[in-house]
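Take a look at the structure below.
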Amino acid sequence: ALKSIVYKPVLKVWPADVRVLRVPVLLLGTATVFLFFLYFRLVLGNAGGLAAMALLVTEASFVVTTVLDWGILAVQHFLAAVALLLFVLFHRTGTRLYLGAALFACGVAMWDKVTFVWVLAGWLVGAIVAYGPELAGHLRRHVVRLSIGCLVLGALPLIYYNVKDPAGTLRESGGMELPSAFKISVLWKTLDGSAMFGYFSPSFVPFKPSSPATDVEDTAVWLSESTGKQEHHGLLAASLASIVVMFLLKGGPERKLMKFCLVAFAVGWAAMLPFSMGGKGSHHVLLLWPLPQILVAAALIGLARQYGRPAILALAIACLLAAGGVLVTNEYYAQIVTRGTKDHWSDAIFSLRELMARTPANGIYSVDWGIMGPLRFLGRGTLQLQWQFTHYLQNPGPESSQESFQIQSIARDPHNYFVYYSDRSQHPNEGLSRLRKATAEVGLRESVYARIRDRLGRTVFIVSRFVPASE
C-alpha cells in the first residue's frame, strides 16, 4: 500500500514503463546509501565509515536487490537507514524530535511490510546488550510514551487492518512452522553472495551461450572469465573472523558496536525462523543488512587502534573484500548476458504485451505467477486481463466442479486466451493439467495461438485458446 501511494502521483506524470518502475527506486537506493554513510561515520569515524561503505555498496546481494527493488528491500533499507541515523543523533544530543522521527520511520516500515518487526526486535535486544547502562538514562516516562506513540502512529494502517481483521497479518503470512535446515542454507548463501545464482539466469544452458552485444557486456563477460566466474565473496568469512576479533579486542567503542551488530543480527534472524515464510528467501536475511558490514568494518578499525596500525591499512583490507563483491556482482550480470534470464525476468514480456495489445481478446487469463502483474503495468491498464480463476489455476486447491464448469464456459469463447510459461520444469503443472482436463470434458482442445521468444530466440511464453476438438 505504501509503495502504491508513492507511485500514484508519479504515474500521473510519467506513463508506466520500465524506466518509471526502476528510476525512482534507484534514486531511493542512492539516498539510502548516503544515509547509511552518515550513520557509519557517526559510529565508526571517517575511516571506519569508508570501510563499511565500501563493503556495502559492492556487496552483490545489496546491489542487485536494491536495483531491482526486490519485493520489500528498497523501501525497508531506506527507512532502516533513516531510523538508525536518528537513533544515534537522539542518543548523542537527547533531542526527542530525533527519537520520535526514528520510531515513526520504524512504524512506517512495519506498515510497508510487517517483517520489519524482525529487524526492530534485533536492534532492541542488541542495543540493550551492548549499550544497556548508557541507554538507561533515556528511560523516562515521557520518553517511553513518546516512543510508543510515534511507533503506533507510523504503523497505524497496519494496526487498523488487524483490528478490522483480527490476526489477518499472521494468517496472510502463512502461519507458523518449525525451523528447517533450509533456512540455515539460505543464511549461509546470502552471506557469501551466492544465494541468487540460478534465480535470474538458468544454472546451466544446454546451448551455445549468447555473445555480448555491447562494450559493457563484453567487458563484463571478459572480467567474469578472467577471474574464474566468481560466485562467492568474502563477507561470510570476514564476518566469522570478526566474531573472533570481537573477543580479542580489549574494550573500546568498536567492541560495543560489534556486540550490537552480532546480537541484533542473531536475534533478528532467529525471529524469522518460526514463521512459515520467514528466512526462506535471501530477501528476508537481507533485511538485516548492513549489520554484517558494520561488524567487519568495526573489527578492522578496532584491530588497527589496538595494535597501533594506521587506519588506512584497515581501509585497504576492506577494499580487498569489496573487490570480491564487485566480481560477484559482475558475475550476475555476465550470466544474464550469456545465458539470458529465467521466465519471470524475461524480456519476452515486452513481445507478449505487444501481441496482446493488438489481439482482439475478450479476456486474458494467466496460468502461472509473474505474468499478469507485468502485463497490467506495461499495458497501462488497457489489456483485457481477467483475474477471475487465476488463483485457482496458479494455486489449485481441492478440485471444484463449479470452478471447472466456469472455466469450461470461459474456454468456449475462442477470443479468451490463456498464457503460461513454456518451460514447465520450474512451475507446478497441476493448474495447467486441470485446465486441459476440464476443457477436454466438453469437447475442446488447446490450440496454440503464439509462442513468444526472448532475445536469444528461446520460447518463454505460450499463448493458447481452446477450439472444438473437431476443428
Side-chain angles (χ1 to χ4, degrees), residues 1-2 5-6 31-32 34-45 49 75-164 166-170 251-268 270-271 287-288 290-291 294 298:
L2 175 62
I5 290 171
V6 171
T32 299
F34 177 69
L35 291 172
F36 272 140
F37 178 60
L38 296 180
Y39 167 70
F40 294 156
R41 284 188 64 194
L42 283 177
V43 298
L44 284 168
V75 174
Q76 296 276 289
H77 278 149
F78 172 76
L79 293 169
V82 170
L84 282 173
L85 179 61
L86 291 173
F87 278 134
V88 174
L89 290 173
F90 164 71
H91 179 56
R92 295 191 176 182
T93 66
T95 303
R96 284 177 288 174
L97 178 62
Y98 290 141
L99 177 64
L103 285 160
F104 178 78
C106 291
V108 173
M110 290 172 61
W111 166 36
D112 176 59
K113 194 74 171 180
V114 75
T115 49
F116 193 80
V117 73
W118 302 331
V119 180
L120 199 56
W123 288 356
L124 178 62
V125 178
I128 292 172
V129 171
Y131 302 101
E134 299 173 43
L135 296 178
H138 296 307
L139 290 179
R140 299 182 181 89
R141 185 176 299 176
H142 62 279
V143 173
V144 174
R145 283 201 297 259
L146 172 69
S147 302
I148 295 174
C150 290
L151 183 66
V152 168
L153 183 62
L156 197 58
L158 171 68
I159 296 170
Y160 175 77
Y161 169 71
N162 282 277
V163 169
K164 296 288 288 184
T169 296
L170 181 61
E254 295 86 8
R255 192 174 191 275
K256 283 187 177 182
L257 182 60
M258 293 173 70
K259 187 184 294 185
F260 165 75
C261 291
L262 181 60
V263 174
F265 190 95
V267 171
L287 284 170
L288 302 173
L291 293 176
I294 302 171

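Hydrogens, waters and symmetry mates are skipped; everything else that's a heavy atom, side chains included, is used. This one's a predicted model, so the numbers in the text were calculated from it and none came from an experiment.
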For the atom pair [atom1] ([X]) and [atom2] ([Y]), what is the distance rounded to the nearest 0.5 Å?
X	Y	atom1	atom2	value
T95	L89	OG1	CG	8.5 Å
H77	L288	NE2	CG	8.0 Å
T115	L120	OG1	CG	11.5 Å

Could you tell me which residues satisfy ring pair (Phe, Tyr, Trp, His ring centres under 6.0 Å) with [X], sequence neighbours excluded, listed by chain and number?
X	value
F265	none
W111	none
Y98	none

Exercise for the section: Assign the ring pair H138 / F90 to parallel, tilted or perpendicular, where the plane angle (0 to 90°) is split at 30° and 60°. Expected result: tilted

Handout entry: Aromatic ring pairing H91/Y131, orientation class (parallel under 30°, perpendicular over 60°, tilted between)
Key = tilted

Nearest atoms (heavy-atom pairs only) where [X] meets [Y]:
X	Y	answer
C106	W123	SG-CZ3, 4.1 Å
A81	T32	CB-O, 4.0 Å
L291	A264	CD1-CB, 3.8 Å
A127	F260	N-CD1, 3.4 Å

Residues which pass side chain to side chain contact (heavy atoms under 4.5 Å, CB included) with [X], listed by chain and number, not counting sequence neighbours:
X	result
V75	L2, K3, L28, L79, D112
A271	W118
V88	Y39, L42, V43, R92
F37	R41, L50, M53

Fill in the blank from the handout: Sorted by chain and residue number, the side chain to side chain donor-acceptor pair (under 3.5 Å) partners of K113 (sequence neighbours excluded) come out as none

Practice task
Identify, with sequence neighbours excluded, every residue that meets side chain to side chain donor-acceptor pair (under 3.5 Å) alongside R255.
Solution key: none

Exercise for the section: Please answer whether the main-chain N or O of A109 pairs with a side-chain N or O of Q76 as donor and acceptor at a distance below 3.5 Å. Expected result: yes

Exercise for the section: Please name all residues satisfying salt bridge (charged side-chain N to carboxylate O under 4.0 Å, His left out) with K256, sequence neighbours left out, ordered by chain then number. Expected result: E134

Exercise for the section: Could you tell me whether the side chain of L103 reaches within less than 4.5 Å of the side chain of F87, counting heavy atoms only? Expected result: yes

Run the side-chain donor-acceptor check on residues 140-162: report pairs under 3.5 Å with partners two or more places apart or on a different chain.
| unit_1 | atom_1 | unit_2 | atom_2 | d |
| --- | --- | --- | --- | --- |
| R140 | NH1 | G137 | O | 3.1 |
| S147 | OG | V143 | O | 2.8 |
| N162 | OD1 | G168 | N | 3.4 |
| N162 | OD1 | T169 | N | 3.1 |
| N162 | OD1 | T169 | OG1 | 3.2 |
| N162 | ND2 | L158 | O | 2.9 |
| N162 | ND2 | T169 | OG1 | 2.8 |

